[in-house]
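By convention in this document, chain letters (A, B, ...) are assigned in the order of the sequence lines, proteins followed by strands, and residues within each chain are numbered from 1. The figures here come from the full heavy-atom set of this structure, side chains too, leaving out hydrogens, waters and symmetry mates.
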Amino acid sequence: MSILTSLVLAAAVAAPPVTLWHGYRASEAQALGKVVQAFQAEHPDIEVHTLAVPYDAFASKLTAAIPRGNGPDLFIFAHGRIGDWVKGELIEPWSESGPEPFLGQTLEALTYDGTLYGLPVAFKSLALYYNKKLVPRPPQTTEELIAIATQQTEASAGRYGLGYPLDDFYFHAPWLFGFGGDVFDEAGNIRLDGPGMVASLTHLQDISLRRRIVPTEATSALVNRLFNEGKLAMMISGPWALGELGKDLDFGIATLPRVTQTNRAATPFLTVEGVMLAKRAKSPDAARLFARYLVSEPAAVLRAEVGRQSVATASAYEHPQIAQDAALSAFRAQLEQSKLMSNRPEMKLVWEPAKGALKAVMRGVDPQTAVQRAQARLIALTKPVPPPADPMPTMILFGILGMLALVVMVRSPKSQDQGVASWQRSGLAYAYLGPAFIGLVFLVLMPFAVGVGIGFTHFEGGQYVHFVGLANFKDILLGQSYGFKDPLSFYFTLGVTLLWTVSNVVLHVTIGVVFALILKEKWLRMRGVFRVLLIVPWAVPNYITALVWKGMFHKQFGAINGLLEWLGVESVPWFSGFWTAFTANLITNTWLGFPFMMVVTLGALQSIPAHLYEAAEIDGVSAWQKFRYVTLPLLRPALLPAVTVGMIWTFNMFNIIYLVSGGEPDGGTDILISEAYRWAFQRREQYGYAAAYATLIFFILVAYTFATRKIAGDKEMA
Amino acid sequence: MNFKRLALYAFLICSVIAIEYPILWVFKMSFSSSQSFALSGSLIPNDISLDNFSNFLGATDSRGQWLFGRQLFNSLVVAIGTTIVGMLLACTAAYAFSRFRFRGRRWGLMLFLVTQMFPGVMMAIPIYVIMDELGLLGTMTSLIMMYSITAIPFCVFMLKGFFDTIPRELEEAALMDGASQLTIFFRVVLPLAKPALAVTALFSFMTAWNEFILAATFMNEETSFTLPVTLQSYVGDYSTEWGTFAAGALIVSTPVVLLFFALQKQLVGGLTAGGVKG
């Protein structure tokens, strides 16, 4: 034993510190810090460095860093991506899980193709939160649940019996499994059209449309808020909600009820956070030692106590402090009644079509029809891998295109000599341009060329598979999977994108110019203050303000419908129809975008010589004439660049759509870039297909820009 | 005060109220003691708490090092560096495009515009590899390089458009007086382009100030992250600490507002390009 320990120690002394990347915040991060301290007290010779990485950047950072040898030794992440990571050679297997007994299914979660790839740290699943004042005893069956919820609902007062994000398949899954359904059939294929799915959708229709005991358009934020205010008797949520609930709220957490019709338990998905050993780790032995410590009983107790984590180490629950924690015990009990989420890459295809089915039944579509559509969409997304192609024809095509481009460039007319005679030498111009040009070539053009190249391959889950020639492009442009008018079709999305771009730019420029003109008036007091107040929407990070806008558009609780009702107008269900959802996106993005145009206009106005206005005033022209014949024509040259570039940004501005309408209804308001994004990061991470999409977007933008500039009469560019 | 002016004041005040309304909710969340996304009831929080601000300002890493100060410093270095590098490269390039007639001018101009059209989605990994090969990963230089290159095309276009409106006669006159080309550029052209310089400076600063994906990918220490990375780390996969996020968002946007306040004099400084009047 001592020889072994000293061997391990000797290896560790020579090795660099153990690095661990995680996504923990607040109390969980604090708990991890304590675990590290406790470990270092036992192993003073091993240094452990932790790094908190924002969730949004975590997966891409791992994919970029590990293959280049810049990755961590260990990282903590949910088990869902293990399939991709094994294929992409990002993680090392574990020979055995060690002496610690882990709770049921948690080791299975971290096993892929029979090999263990991580040690279970914690687990997460949904359970039933109930307000003890309103619900003295949690319901045991769905019949009881519906009875209590019906009794507690008073929609006109904004009070509801039950709440959860209705259109999120993760939250619907308990019903699906409770009604005896599954997402995989016996052969292991994904199926969304089984009888269990139909029954669970009928149940959803029953509670939402017929009984109306759940708030519609519910997001987690709305549900938490109503529950906090005592306006929601019960909510379905996970351990992450604990931090958002008020300290004086008296609530309990119970296992989800049994489904009365089937007598099966409503079974939520189980996700397991594992600590994974990265490939190319710098000190793998010390890392394994720390990982084992992290899941050991003392560390698990610390994490459960300080971080209130649902730890996967079984013996931790025997400690009195933890056994007394009602929330931890409740989730521990729910674990026995949960369904492990598959770590196969195919699982990623389920969410989008399933969400479509949930939304459809809540609009009143018959469940049978909804599941058939969902299955059809699932098949459309499950693209068969295109066969390997011979690179020769594509190379020849590239060669011809390259030659053509060269011919055009060489034959382009020589610029006429203009301007100051002695400044003709091109050499000086090239010197002025050189640095910026070199930067562009290395940091933009080269990465782009690589991206375009990827479009000609099948590249999935971070892995190059094979060359496929033009197959991805053909599939996007000529794919027969869906009709032209289907929101998923390239041409429909292109139409929406053009509409989105034009309407945004028109509004941004108009509003920006109006404010700029008002704010330049000399008689206006506190101009500086007004100017600063008007650029605030640009200054505040839009991640939060876009979500505030989304909340303001809520059908029942939003400020905008409140205002409409006050004005005597009927409230609008913003996200149910295409035009209203599009308008909601447009209003939000206009709010975010006009300050930029205002600032540009304020600057551009300075290029108009004051004497022109003086002359106009002497001639006694009206204010409108002054704007029309002096301001506007002279504003154009300085404003046109901003308009052109603003247009290109808007064309690719997907995060507002993602945050506000989320593509509602049914992907209708998605634009081209959101499609590329979905292929790249959801839908099995088909990078090749996404790259082809991005390349097409690029060519459309080139054509669109030059067309609009020609219309705008810009001789320089056209 | 006449009726028209009163009407304009009324319009302006109503617009400002409507425009600030969503921001007020961000304020409410930042002062609330809960971490939930508040969007109901009154705009005035029930209990005013400064915990969210102290959470954001007082965060430390696992070794107890104070993060806010370091990250503010990083953010300032990166954003100011980007502004300087970006403006320097953009001014020279825009001047060349505006004043010189040379072979490849049109194609060059198009190239600058075209770089804006590449969807960034697919470029992250190649950029990472390039930075790694250059040995710049983990340095602020890598971020300054990336952000300047991102900001330059717009700046070049904006400045070129503005330079075009400055009469050449001024430069010719200076040349006659025996000024060198550099002197003309720095002493004649740039001062006249102040409003456009203010716009592009603000834009370059913002480009660097709010970015977090590249910063989180390139940097490997919490002490070398920029502020937006920490801000974004309050957003988890299941839940977000909205209170802290809101407080952080307000803190992070303060320097931008201050910068704009400082720059606006240049922006509307009443500097006319009318030097050749008459």
Side-chain angles (χ1 to χ4, degrees), chain A residues 33 50 52-55 57 60-61 64 68 221 224-225 240 243-244 246 415 418 426 429 432-433 435-436 439-440 443-444 447-448 450-451 531-533 535-536 539-541 544-545 548 551 599-600 602-603 606-607 609-611 637-638 641 645 648 652 673 676-677 680 691 694 697-698 701, chain B residues 16 22-23 25-26 34-37 39 62 89 92-93 96 100-103 105 107 115-119 121-128 132 149 152 154 157-158 161-162 164-165 172 195-196 199 213 216-217 232-233 236-239 249 253 256-257 260-261 264 267-268 272-274 277:
Chain A
T50 61
V53 181
Y55 179 75
S60 64
K61 187 172 166 87
R68 305 280 309 171
N224 284 339
R225 188 191 107 200
W240 53 87
E244 296 188 34
S415 304
Q418 287 173 351
S426 296
Y432 270 142
L433 281 171
L440 283 181
L443 299 176
V444 183
F448 179 69
V450 174
R531 277 187 212 123
V532 169
L533 283 175
I535 65 120
V536 166
V540 180
I544 189 164
T545 47
V548 169
V599 170
V600 170
L602 277 172
Q606 302 307 307
S607 69
H611 66 88
V645 179
I648 296 167
N652 283 339
I673 192 74
Y677 186 88
I697 291 175
F698 168 72
L701 258 174
Chain B
V16 166
I23 303 288
W25 286 108
V26 180
S34 115
Q35 290 295 345
S36 60
F37 194 86
L39 254 183
S62 58
L89 299 187
T92 48
F100 296 82
R101 293 292 174 270
F102 52 90
R103 216 173 164 72
R105 177 174 170 278
W107 286 94
T115 58
Q116 295 291 293
M117 303 179 190
F118 298 168
V121 175
M122 41 195 267
M123 287 168 34
I125 291 191
I127 289 173
Y128 186 91
D132 197 14
I149 289 300
I152 280 175
F154 167 74
F157 263 69
M158 179 75 206
F162 208 89
D164 285 347
T165 68
E172 277 160 7
V199 174
I213 296 260
T217 310
Q232 202 64 31
S233 71
D237 50 348
Y238 292 97
S239 70
S253 37
V256 177
V257 173
F260 178 76
F261 195 76
Q264 63 164 334
L267 197 57
V268 292
T272 57
K277 187 170 161 185

Pick one of side chain, backbone, both or neither for Val444(A), based on which atoms fall under 4.5 Å of a heavy atom in chain B.
-> both

CG on Leu440(A) to CG on Leu433(A), rounded to 0.5 Å | 10.0 Å

Note: Ala216(B) and Pro54(A) closest approach over all heavy atoms is CB-CD, 4.1 Å

Scored by heavy-atom pairs under 4.5 Å with chain B, the best of Ala57(A), Gly33(A), Pro435(A) is Pro435(A)

Considering only heavy atoms and a distance below 4.5 Å, find which of Val599(A), Val450(A), Val53(A), Asn224(A) pairs most often with chain B.
-> Val599(A)

Do you know the tightest heavy-atom contact between Met117(B) and Phe698(A)?
-> CB-CD1, 3.8 Å

Greatest number of non-hydrogen atom pairs under 4.5 angstrom with chain A, of Ala196(B), Gly161(B), Ala249(B), falls to Ala249(B)

Return the option, out of Ser60(A), Ala436(A), Ala221(A), with the maximum number of heavy-atom pairs under 4.5 Å with chain B.
-> Ala436(A)

Part of Ile535(A) lying under 4.5 Å from any heavy atom of chain B = side chain

The interface call for Tyr238(B) against chain A, heavy-atom contacts under 4.5 Å, is both

Option in Val257(B), Val256(B), Ile152(B), Val199(B) with maximal non-hydrogen atom pairs under 4.5 Å from chain A | Val199(B)

Correct closest heavy-atom pair for Ala539(A) and Ser253(B) would be O-CB, 3.2 Å

Compare every heavy atom of Gly603(A) with every heavy atom of Phe162(B), then report the nearest pair and how far apart it is.
-> CE1-O, 3.4 Å

With a 4.5 Å cut-off on heavy-atom pairs, point out which of Ile127(B), Asp132(B), Val16(B) contacts chain A the most.
-> Asp132(B)

From Gln116(B) atom CD to Asn652(A) atom CG, the distance as rounded to the nearest 0.5 Å | 10.0 Å

May I ask you to name which of Leu533(A), Val532(A), Thr50(A), Ile544(A) has the most heavy-atom pairs under 4.5 Å with chain B?
-> Ile544(A)

Looking only at heavy atoms, what is the nearest atom pair of Arg68(A) and Tyr128(B), with distance?
-> CG-CE2, 3.8 Å

Where does Ile697(A) contact chain B at under 4.5 Å (heavy atoms): side chain, backbone, both or neither?
-> side chain

Toward chain B, the part of Leu701(A) with a non-hydrogen atom under 4.5 Å = both

